[in-house]
Engineer: 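One structure, pasted below without further comment.
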Amino acid sequence: MPDHDRVEGAAKNLGGKAKELAGNVTGDEKLKAEGKADQVSGKVQNAVGGVKDSLRDNRN
């Protein structure tokens, strides 16, 4: 089972993409920037979860 951080990170990344798209459609630069920031945060969190998965797999 994937680490909780990977699941949350993927969800945050997806939500960020939606925010960025909404910002593009409405012309809201703040929303667009928030979406990009959420995507970066989600990717980092996903990567941390990947490292945790890797460490857990190596122990077994």
Side-chain angles (χ1 to χ4, degrees):
M1 175 153 187
D3 186 78
H4 182 69
D5 283 323
R6 290 190 80 174
V7 175
E8 279 190 16
K12 193 178 288 186
N13 186 18
L14 188 61
K17 287 181 182 185
K19 266 188 183 179
E20 183 181 8
L21 178 63
N24 280 333
V25 169
T26 61
D28 186 340
E29 291 299 318
K30 182 179 179 220
L31 187 60
K32 186 174 164 182
E34 286 176 8
K36 286 182 180 185
D38 286 352
Q39 287 178 63
V40 170
S41 175
K43 287 177 184 177
V44 169
Q45 188 172 8
N46 193 338
V48 167
V51 169
K52 287 181 182 179
D53 280 345
S54 180
L55 291 172
R56 184 177 51 238
D57 290 344
N58 287 337
R59 278 191 264 152
N60 297 331

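Quantities reported herein were computed from a predicted structural model and do not represent experimental measurements.
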Engineer: Under a plain distance cut-off of 3.5 Å, with no hydrogens placed, do Lys43 and Asn13 share a side-chain donor-acceptor pair?
Structural biologist: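 There is no such pair (donor and acceptor under 3.5 Å, judged by atom type) between the side chains of Asn13 and Lys43.
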
Engineer: Rounded to the nearest 0.5 Å, what separation is found between the NZ atom of Lys19 and the NZ atom of Lys12?
Structural biologist: 10.0 Å

Engineer: Write down the atom of Gly23, the atom of Leu31, and the distance for their closest heavy-atom approach.
Structural biologist: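 What the structure gives for the nearest pair is N-CD2, 3.8 Å.
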
Engineer: Backbone N or O of Gly42 within a donor-acceptor pair of the Asn46 side chain at under 3.5 Å?
Structural biologist: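 Checking the backbone N and O of Gly42 against the side chain of Asn46, no donor-acceptor pair under 3.5 Å is found.
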
Engineer: To the nearest 0.5 Å, what is the distance between NZ on Lys52 and CZ on Arg56?
Structural biologist: 9.0 Å

Engineer: Working to the nearest 0.5 Å, report the span between CD of Glu8 and OG of Ser41.
Structural biologist: 10.0 Å

Engineer: Does any N or O in the side chain of Asp53 come within less than 3.5 Å of the main-chain N or O of Asp3, such that one atom is a donor and the other an acceptor?
Structural biologist: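 Pair found, side chain donor or acceptor close to backbone of Asp3.
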
